[in-house]
Amino acid sequence: MTVAATTRKAGPYTGNAVTTAFPFNFKVFAGSEVVVTQTDLSGNETTKTLTTDYTVALNADQDANPGGTVNMLAAPATGFLITLTSAVALSQSVTLTNGGGFYPKVISDALDRATILVQQLAEAVSRTVKNAISAPAGINPVLPAPVPYSLIGWNATGDGFQNTDPTYSTALASDLASSSGVKGAALVNGTGRVVDSIAALKALPKTGCPRAFVLGYYAAGDGGGGAYWYDSTDTTSADNGGTVIVASDGGRWKLANVLQLSVKQFGAKGDGVTNDTAAFIAAANAVDALGGGRVWIPPGAYATPTGLTFGNGSNSANSTIHNRVVFCGAGSGSSSGVTNQEINGVSRILYTGSANASAAVVSFAGPLHSVGLEDMALDCNSLAGIGVLINHCTQSNFRNVVCRNYTAIGWSLTTRTGFPSGCAFGCADNRFIACYGFVDSSVGTGTVLGISLNSGVSTGTSLAGQPDSARNVFIGGTFMYGQSATSYGAWLSGADNNSMLEVEFYPYNGSTSGLDVYLQQWPASGAFPLENYFANLGMTKGVGGNGGVGSSNGNTFIPFPTSDGASMPAVSGASGITHLGQTFVAGVQAYRGRQVSNATLNSSVQSNSTTTPTNVPGLSVTLNTQANTKLRVSFSGRASKSTAASGYFQLALNGSAQGDTRTDVNSDGYWHAVSAEGLYSVGAGSQTITVQFASSDTNAIQISHGTLVVQELY
């Protein structure tokens with residue numbers, strides 16, 4: 001009979017801990033000629049034993065129906081492999097004699113045995129290493145004698161094999177043992193290279209894999225580092241300590257993710273001791289080079305012996321750096337005296353220099369625009385006089401920032417001595433939301449202010465046509481001041497049209513000296529401070545000013561006592577209006593407030609409309625007003641326009657767009673601080689104020705984190 005099956009192997013079958021029967025279809029002469037091999041999950045092979053591990057049931061006619069079934073006595077475990085083959089003896093047992101019988105069955109089995117032996121040999125050869133058929137003649141395929149721990153490779157002439165020792169000074173051993181990213185280390189790390197620090201990144205050669213991951217700035221896990229790539233086209237960029245790292249061989253490694261940079265990626269430690277000033281400046285410079293954005297300050301105490309100064313503006317020129325750079329932390333904590341609101345574990349910038357009443361923890365050297373601080377604490381450490389100094393900044397936002405332990409001023413807003421070229425405003429249109437100021441027990445009898453609003457112009461110069469602190473809005477927050485008679489919660493001199501809403505003032509330690517608000521008449525312009533508005537002002541001490549409050553024009557106060565049952569605070573030169581509260585008007589003309597409402601947008605929304613402006617979801621306020629009243633509207637937020645063309649936003653009253661509030665947003669793809677204000681005469685009835693926005697093409701305009709405040713005045 002013919003041997004129809006050409007394969008001497010069945011399987012491999014995968015065990016499932018249940019199946020025990022495994023078929024095969026190749027011819028054998030006895031069950032003992034079937035070989036069963038089991039492979040475990042680690043790849044180890046074991047030849048099983050007949051009758052001990054399995055039995056074989058052969059088909060009755062191995063010519064017409066070759067093969068049979070192997071029955072395992074125990075089902076193979078799940079994932080184990082069972083492979084069946086044959087081991088027909090390498091012998092020829094047929095003897096043909098002269099005159100003997102030539103039986104077809106005997107001759108056929110002998111020929112089948114020979115064929116089976118050839119098939120067994122072919123199956124084994126198929127699993128061996130062999131030269132290509134196109135290999136040149138003369139190659140010696142014999143392997144060298146075994147030597148422990150040696151590698152087998154081609155010899156120097158390429159016509160045979162030899163043993164190579166990788167443990168000594170051979171070229172291969174040197175390459176494999178090397179930490180170079182293009183030799184042994186490259187084999188270990190695969191497609192990328194992983195190092196522990198920026199110092200290790202600088203040691204990587206620019207040849208080899210062009211990608212590397214850095215686990216930390218100084219050490220793995222310290223918060224720095226990130227994914228870097230080698231820029232082969234750049235041979236000139238300077239090392240900025242974070243986004244561009246110049247290696248020892250001149251290669252430029254670039255940080256891959258620059259959407260939000262961390263000060264720790266520039267070497268800041270946040271341990272309260274190490275000077276982190278350079279890291280903050282480097283991070284600000286890197287974000288500035290990207291066109292603006294956010295700098296992330298992880299939790300920690302970041303020491304600075306000189307304070308941090310951003311911007312390089314002067315009396316004659318606008319700042320050329322750090323516009324549109326916003327610093328964002330993980331939280332501000334509280335006053336150091338409030339034990340149930342832990343001050344540790346927040347993002348804290350700590351002044352560690354010598355005592356200096358003129359020093360500030362953070363200074364913005366404007367003219368600057370669209371800068372800001374969010375979710376952090378500025379700790380003067382009872383050494384620096386000023387928490388934050390904002391000099392000639394516009395359209396900037398400060399949110400949830402606590403100034404602590406200042407010895408002179410918590411929040412100082414001022415201007416340059418004039419208008420540098422290209423600058424039309426002073427320190428104006430900034431928003432301060434839920435910001436705070438706390439002093440500590442080191443405060444003595446010296447003058448300590450919570451907020452200062454002033455001008456940098458000489459007091460002998462009229463403020464008409466000169467820069468001052470104007471149109472700044474404080475919403476919420478508490479500000480403490482000192483214990484002396486010249487300490488004030490808010491001190492205003494070169495200031496006009498500023499607003500403080502839902503703000504409270506406290507003298508330190510319940511001092512009976514000082515005042516909550518003091519209006520310092522500008523020597524050369526008696527009208528200033530001018531038309532500043534204080535609504536729902538929490539007070540304990542009252543309002544005063546040199547020459548009486550009435551000597552300044554249009555400053556309006558709607559206060560309430562900070563404690564239930566306390567008497568209303570006194571205001572020099574003003575009279576009480578209602579039994580529920582008091583409206584104090586200092587000047588020629590002012591409006592009283594009847595109601596205040598607001599809306600806040602805490603997420604980002606966008607519009608692709610190119611025909612009709614659409615309302616910004618969530619930024620709408622409806623009031624029922626009385627006859628002959630006015631609505632004072634203030635909006636602040638952030639806006640961004642992607643890709644091409646431009647977009648704009650504006651205020652709308654009862655669905656009617658107020659064109660004079662329209663502000664265009666350029667398509668630079670970055671977030672900008674934006675604001676709009678309006679004053680409208682309305683009658684009795686329902687009035688709805690909305691913020692609208694539109695795009696000049698199909699690319700979206702976005703508004704994020706906006707606040708709309710509407711006041712009814714009469």
So among [options], which one has a side-chain contact (heavy atoms from CB on, under 4.5 Å) with [X]?
| X | options | value |
| --- | --- | --- |
| Val263 | Trp296, Tyr302, Phe327 | Tyr302 |
| Phe528 | Asp496, Leu492, Asn454 | Asp496 |
| Ser686 | Thr625, Leu623, Asn624 | Asn624 |

Main-chain N/O of Asp429 paired with Ser675 side-chain donor or acceptor, under 3.5 Å: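 The answer is no, because no donor-acceptor pair under 3.5 Å joins these two groups.
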Lys541 with Asp516: basic N within carboxylate O range, under 4.0 Å: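 Not counted as a salt bridge, because no side-chain N and carboxylate O are separated by less than 4.0 Å.
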Could you verify whether a donor N or O on one side chain and an acceptor N or O on the other, from [X] and [Y], lie under 3.5 Å apart?
| X | Y | result |
| --- | --- | --- |
| Thr304 | Thr277 | yes |
| Gln711 | Tyr533 | yes |
| Thr622 | Thr688 | yes |
| Asn312 | Ser319 | yes |
| Arg638 | His705 | yes |
| His369 | Asn323 | yes |

[X] side, atom [atom1]; [Y] side, atom [atom2] - distance, nearest 0.5 Å:
| X | Y | atom1 | atom2 | answer |
| --- | --- | --- | --- | --- |
| Phe557 | Met539 | CZ | CE | 7.0 Å |
| Ser370 | Gln395 | OG | CD | 5.5 Å |
| Arg399 | Ile475 | CZ | CD1 | 12.5 Å |
| Asn405 | Leu378 | CG | CG | 11.5 Å |
| Cys328 | Glu374 | SG | CD | 4.0 Å |

Parallel, tilted or perpendicular, as decided by the 30° and 60° cut-offs, for the rings of Phe479 and Trp411: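 Taking Phe479 first and then Trp411, their aromatic rings stand perpendicular (interplane angle over 60°).
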Aromatic plane relationship, Phe474 with Phe432 - under 30° parallel, 30 to 60° tilted, over 60° perpendicular: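 Rings of Phe432 and Phe474: parallel, under 30°.
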Contacts of Cys393 that satisfy side chain to side chain contact (heavy atoms under 4.5 Å, CB included) - sequence neighbours left out: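 Partners of Cys393 by the side chain to side chain contact (heavy atoms under 4.5 Å, CB included) criterion, ordered by chain and then number, come out as Phe364, Leu368, Val371, Ile390, Ser396, Asn430.
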